[in-house]
Amino acid sequence: MCSVKAKITFSMSGLYSIEVTPPPLGLEAAHATLFTSESLHFLHELISTFAEEVDRVLLLRVFRKVHLDLSGDLPSFLEETTYMRSDPTWRVLPVPPRLQKRHVDVGDLAPCDTKRFIDALKSPAQGIQVDFDDGNCPTFYNQIKGIHNVVKAVHNQFSNVRISQGPVLMLRPRAWNMTEPNLMVKGKQAPGPLFDFGLIMFHCGKMLHENESGPFFYLSKVESHVEARLWNKIFVWTQEKLSLPLGSIKATVLIENILAAFEMEEILYELREHSAGLNCGMWDYSASFVSKFGHRETFLLPDRSRYINMEAQFLHSYMDLLVQTCHRRGALATSGMVAVLLPQDQHGVTYQTIMAAVNRQKLFEIKAGVDGFLVYDLDLIEPMQKLFQHHTDGDNQLQQLRRDVIVTAVELVTMPEGGVNYNGLKYNITVVVLFFNAWLSGKGLFFYKGKVEDSATAEISRSHVWQWIHHQVQLEDDRRTVNRSLVTEITKEVMKELNTQCHSLRDKQRLQTAAQMFLEVVLMRRFPEFITTYLSQDHTFLSCTGQAMALGHQSNL
């Protein structure tokens, strides 16, 4: 089983009141490259300047949630920002040439996976979502390895890779809810996004700008225009500190929360000098309904595999509104990631069936006006680029203003009809158990039944199970009630199947721990807002990953 090791730190307190954990085994050189006295000084200034504001936006989230719970209100378009929405004159600044065409980005790419990172850099994609969020497990090893790989890529230290050519790096730091326990500033853990953003900007910002290749970012889980305003202040401050022109940084905001859907225009307004547009995706967004309203029976979500897709009204309306809002203001609108993995046999029936389904879904989004989307499988890049070429003109669809769209607040919060069956419940249980198991192994994603699963799909899966237990829904198959006993019973069935794939006692023990953690989180009286926060603060994860990193990553050095 896992052993707990004492955490040893060295202190720069005499200079900056900052403490950094010593390097993970095998990453001594990378650690030394990243944590110089100059970079630590920059991190100290950045975090000291903005950490309290990060805390405030998190408190504002709590305040909004409490208000919604106590009042029973539903979100609506803000009265106090009507002037932003009603003013037709303002637009975001045009993005630089390398962002004009956003047809296909590689998604969920944790840069600690060096081989996949290099493969993506050599691919024909327009961009790479360099992911420290949904597709990444934020162990100190992974953060240091990943950021150091970004630094190497930007400084052309990988063979046959030039940052001024090939895909642009769309860097996705962690979301506001995450902290970095291995960096203490003034006695407090650093906000995770400031750690990621600060190190990347200090070591790469100027080089990216000089090569007209950035710095470009994805911003996860932004819930309001106030949070967008904070990011904008961080961008302005950073550009001044690093002597970069105002507007050098460009960021695509992922609208992953139902509350943010009512503030899309305001988010663009706050970031108008730094905006690269907005992005819509299914799973975190759908899960946010449970986070905000899951205790209300009217917000019961049906089985995701059968009833939740971008053609469902609440998601279709959200995508239409996002496209209309972006194009009205001169911003690019992108959509979510194709998670399927293609079979090797391109002539087989399975391959053709999968491609037909992917083409149909993504053509639906293209016809809605999106300017691009993401894929996980690198073999999907060229087929999806051809789909854009065949059905659009030019680099983007900014001319598609979607004046036909009128989206009401009611449409955004109307849940799809549908039920729950045994297979849907079992699938969700399996996904969350395997995701917990992946995190305990230091991995941010895993493959299951021909798809890549990450924290976003784990988020919607555990949200389903928690909500179905909470409301005691009945299975369509046999009218059994989804309750503690049934979920525990099915979890045992899942464990029997998964145990056959374990190759060692340690694998079985880790899987058992994952199952116990799953039951703990779905049986809680109150819904933990983010599965990643729950995991990153859990003593089991914290104690296990230190040893797992020391033993499991040596083969990758």
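All of these numbers come straight from a predicted model, not from anything done at the bench.
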Chemist: Only one of Asp196, Asp134, Thr179 clears side chain to side chain donor-acceptor pair (under 3.5 Å) with Arg174; which?
Modeler: Asp196
Chemist: Show every ring-ring contact (aromatic ring centres under 6.0 Å, His included) that has at least one partner inside residues 159-180, sequence neighbours left out.
Modeler: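 Checked against ring-ring contact (aromatic ring centres under 6.0 Å, His included) - neighbours excluded - the pairs reaching residues 159-180 are Trp176-Trp231.
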Chemist: Could you give me the CA-CA distance, side-chain angles and deciding distance for Gln501 and Leu511, then say whether side-chain contact (heavy atoms from CB on, under 4.5 Å) is met?
Modeler: CA-CA 10 Å; Gln501 304 169 28; Leu511 190 65; over 6 Å; no
Chemist: Walk me through whether Glu365 and Ser335 qualify under side-chain hydrogen bond (donor to acceptor under 3.5 Å, both in side chains).
Modeler: CA-CA 8 Å; Glu365 296 174 14; Ser335 61; 2.5 Å; yes
Chemist: Quickly, which of Val340, Leu380, Asp105 forms a side chain to side chain contact (heavy atoms under 4.5 Å, CB included) with Val375? Name it, please.
Modeler: Leu380
Chemist: How many angstroms lie between atom CZ of Phe216 and atom CZ of Arg98, to the nearest 0.5 angstrom?
Modeler: 7.5 Å
Chemist: Restricting to non-hydrogen atoms, name the atom on Ala514 and the atom on Phe436 that form the minimum distance, rounded to 0.1 Å.
Modeler: O-CD2, 3.5 Å
Chemist: Please determine whether a side-chain nitrogen of the Lys or Arg among Glu489 and Lys426 lies less than 4.0 Å from a carboxylate oxygen of the Asp or Glu.
Modeler: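 Looking at Lys426 together with Glu489, the answer is no, because their closest N to O distance does not fall below 4.0 Å.
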Chemist: For Ala438, enumerate each residue passing the side chain to side chain contact (heavy atoms under 4.5 Å, CB included) test, keeping only those at least two apart in sequence or located in another chain.
Modeler: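 For Ala438 the side chain to side chain contact (heavy atoms under 4.5 Å, CB included) partners, ignoring immediate neighbours, are Lys443, Phe446.
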Chemist: Output yes when a side-chain donor or acceptor of His103 lies under 3.5 Å from a complementary backbone atom of Leu387, and no otherwise.
Modeler: no
Chemist: Tell me, please, which residues at least two apart from Lys152 pass side chain to side chain contact (heavy atoms under 4.5 Å, CB included).
Modeler: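 His148, Asn149, Gln157, Phe158.
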Chemist: For residues Phe217 and His274, establish whether the separation of their ring centroids is below 6.0 Å.
Modeler: no
Chemist: Residues in ring-ring contact (aromatic ring centres under 6.0 Å, His included) with His327, at least two apart?
Modeler: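 ring-ring contact (aromatic ring centres under 6.0 Å, His included) check on His327 returns nothing, list empty.
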Chemist: Atom CH2 in Trp439, atom OG in Ser536: separation rounded to 0.5 Å?
Modeler: 5.5 Å
Chemist: Within the side chain of His203, is there an N or O that forms a donor-acceptor pair under 3.5 Å with the backbone of Leu34?
Modeler: yes
Chemist: Once you round to the nearest 0.5 Å, how far does CD of Glu223 lie from CG of Leu259?
Modeler: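 Rounded to the nearest 0.5 Å, the CD-CG separation comes out at 6.0 Å.
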Chemist: Flag the pair Phe527 / Tyr534 as yes when their ring centroid distance falls below 6.0 Å, and as no otherwise.
Modeler: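 Here the rings of Tyr534 and Phe527 have centres that are no less than 6.0 Å from each other.
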Chemist: Would a distance-only check, ignoring hydrogens and angles, find a side-chain to backbone donor-acceptor pair under 3.5 Å from Asn396 to Gln100?
Modeler: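 Checking the backbone N and O of Gln100 against the side chain of Asn396, a donor-acceptor pair under 3.5 Å is found.
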Chemist: Mind telling me whether Phe195 and Phe140 have parallel, tilted or perpendicular rings, with 30° and 60° as the class edges?
Modeler: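 Ring orientation of Phe140 relative to Phe195: tilted.
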Chemist: Strictly by salt bridge (charged side-chain N to carboxylate O under 4.0 Å, His left out), give each pair with a member in residues 450-468 just once, sequence neighbours left out.
Modeler: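 Matches after skipping sequence neighbours: Arg304-Glu453, Glu459-Arg462.
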Chemist: Determine whether Met319 and Phe364 satisfy the following criterion, side-chain contact (heavy atoms from CB on, under 4.5 Å), listing intermediate values before the conclusion.
Modeler: CA-CA 11 Å; Met319 179 174 62; Phe364 174 79; 3.6 Å; yes
Chemist: For Trp466 and Val521, indicate whether the former's side chain and the latter's backbone hold a donor-acceptor pair under 3.5 Å.
Modeler: no
Chemist: Any Lys/Arg nitrogen of Asp507 or Arg510 sitting under 4.0 Å from an Asp/Glu carboxylate oxygen of the other?
Modeler: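 Here Asp507 pairs with Arg510 in a salt bridge, since their nearest N and O are under 4.0 Å apart.
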Chemist: Taking side chain to side chain contact (heavy atoms under 4.5 Å, CB included) as the test, write out the residues that go with Ala175, two or more places apart.
Modeler: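 Per chain and number, Ala175 pairs via side chain to side chain contact (heavy atoms under 4.5 Å, CB included) with Asp133, Asn177, Ser220, Lys221.
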Chemist: Sequence neighbours excluded, which residues qualify as ring-ring contact (aromatic ring centres under 6.0 Å, His included) partners of Tyr376?
Modeler: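 Testing Tyr376 for ring-ring contact (aromatic ring centres under 6.0 Å, His included), a comparison that skips the adjacent residues, returns Phe447.
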Chemist: Quick one: CG on Leu315 to OG on Ser286, what's the gap to the nearest 0.5 Å?
Modeler: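 Result: 4.5 Å between the selected atoms.
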Chemist: Under the side-chain contact (heavy atoms from CB on, under 4.5 Å) criterion, do Phe530 and Met178 qualify, and how do the steps go?
Modeler: CA-CA 9 Å; Phe530 293 104; Met178 300 295 284; over 6 Å; no
Chemist: When the side chains of residues 341-356 are checked against the rest of the protein, which donor-acceptor pairs come out under 3.5 Å, sequence neighbours left out?
Modeler:
unit_1 : atom_1 : unit_2 : atom_2 : d
Asp345 : OD1    : His347 : N      : 3.0
Asp345 : OD1    : Gly348 : N      : 3.4
Gln352 : NE2    : Gln346 : O      : 2.8
Thr353 : OG1    : Val349 : O      : 2.8

Chemist: Apply ring-ring contact (aromatic ring centres under 6.0 Å, His included) to Phe518 and list each qualifying residue two or more places apart in sequence or on a separate chain.
Modeler: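 Once residues adjacent in sequence are excluded, Phe518 has no partner under the ring-ring contact (aromatic ring centres under 6.0 Å, His included) criterion.
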Chemist: Just wondering, do Phe197 and Ile249 contact through their side chains at under 4.5 Å, heavy atoms?
Modeler: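 In contact.
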Chemist: Asn437 side chain to Val433 main-chain N or O, any donor-acceptor pair under 3.5 Å?
Modeler: no
Chemist: Please check this pair: side chain of Asp371 against backbone of Gln397, looking for a donor-acceptor N/O pair closer than 3.5 Å.
Modeler: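 Between the backbone of Gln397 and the side chain of Asp371 there is a qualifying donor-acceptor contact (under 3.5 Å).
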Chemist: Is there a side-chain contact (heavy atoms from CB on, under 4.5 Å) between Val130 and Leu109 once you walk through the steps?
Modeler: CA-CA 5 Å; Val130 183; Leu109 202 158; 5.9 Å; no
Chemist: Can you tell which of Asn279, Asp108, Thr334 makes a side chain to side chain contact (heavy atoms under 4.5 Å, CB included) with Leu374?
Modeler: Asn279
Chemist: For Pro124, is there any backbone N or O sitting under 3.5 Å from a side-chain donor or acceptor partner on Gln385?
Modeler: yes
Chemist: Taking the side chain from Asn142 and the backbone from Pro138, do they hold a donor-acceptor pair closer than 3.5 Å?
Modeler: no
Chemist: Would you compute the distance between atom SG of Cys502 and atom CD of Gln509 and round it to the nearest 0.5 angstrom?
Modeler: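 Rounded to the nearest 0.5 Å, the SG-CD separation comes out at 10.5 Å.
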Chemist: Quick check against the 3.5 Å criterion: does Gln400 have a side-chain atom that pairs as donor or acceptor with the backbone of Val323?
Modeler: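 The answer is no, because no donor-acceptor pair under 3.5 Å joins these two groups.
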Chemist: Residues two or more places apart in sequence or in another chain: which of them pass ring-ring contact (aromatic ring centres under 6.0 Å, His included) with Tyr318?
Modeler: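 Tyr318 satisfies ring-ring contact (aromatic ring centres under 6.0 Å, His included) with Tyr285 once adjacent residues are dropped.
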Chemist: Within this structure, what is the CD1-CD distance for the pair Ile460 and Gln467, rounded to the nearest 0.5 Å?
Modeler: 8.5 Å
Chemist: When you look at CD of Gln516, are more than 12 heavy atoms from neighbouring residues, nucleotides or ligands closer to it than 6.0 Å?
Modeler: yes
Chemist: Quick one: are Val465 and Val432 in side-chain contact, heavy atoms under 4.5 Å?
Modeler: no
Chemist: Judged by atom type as modelled, is there a donor-acceptor pair below 3.5 Å linking the side chain of Ser288 to the main-chain atoms of Ser291?
Modeler: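 Answer holds: no.
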Chemist: As a quick check of understanding, evaluate side-chain hydrogen bond (donor to acceptor under 3.5 Å, both in side chains) for Gln143 and Asn136, giving each step before the final call.
Modeler: CA-CA 9 Å; Gln143 298 308 109; Asn136 176 64; 2.7 Å; yes
Chemist: Any non-hydrogen side-chain atom of Pro193 less than 4.5 Å from a side-chain atom of Phe132?
Modeler: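 Result no, sub-4.5 Å side-chain heavy-atom pair not found.
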Chemist: Considering residues at least two apart in sequence or located in another chain, which fulfil the side-chain hydrogen bond (donor to acceptor under 3.5 Å, both in side chains) criterion with Ser317?
Modeler: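 Counting only residues at least two positions away or on another chain, Ser317 forms no side-chain hydrogen bond (donor to acceptor under 3.5 Å, both in side chains).
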Chemist: Would you say the side chain of Leu219 lies within less than 4.5 Å of the side chain of Arg172, judging by non-hydrogen atoms?
Modeler: no
Chemist: With a 3.5 Å cut-off and sequence neighbours excluded, list the donor-acceptor pairs that the side chains of residues 159-171 form with protein atoms.
Modeler:
none

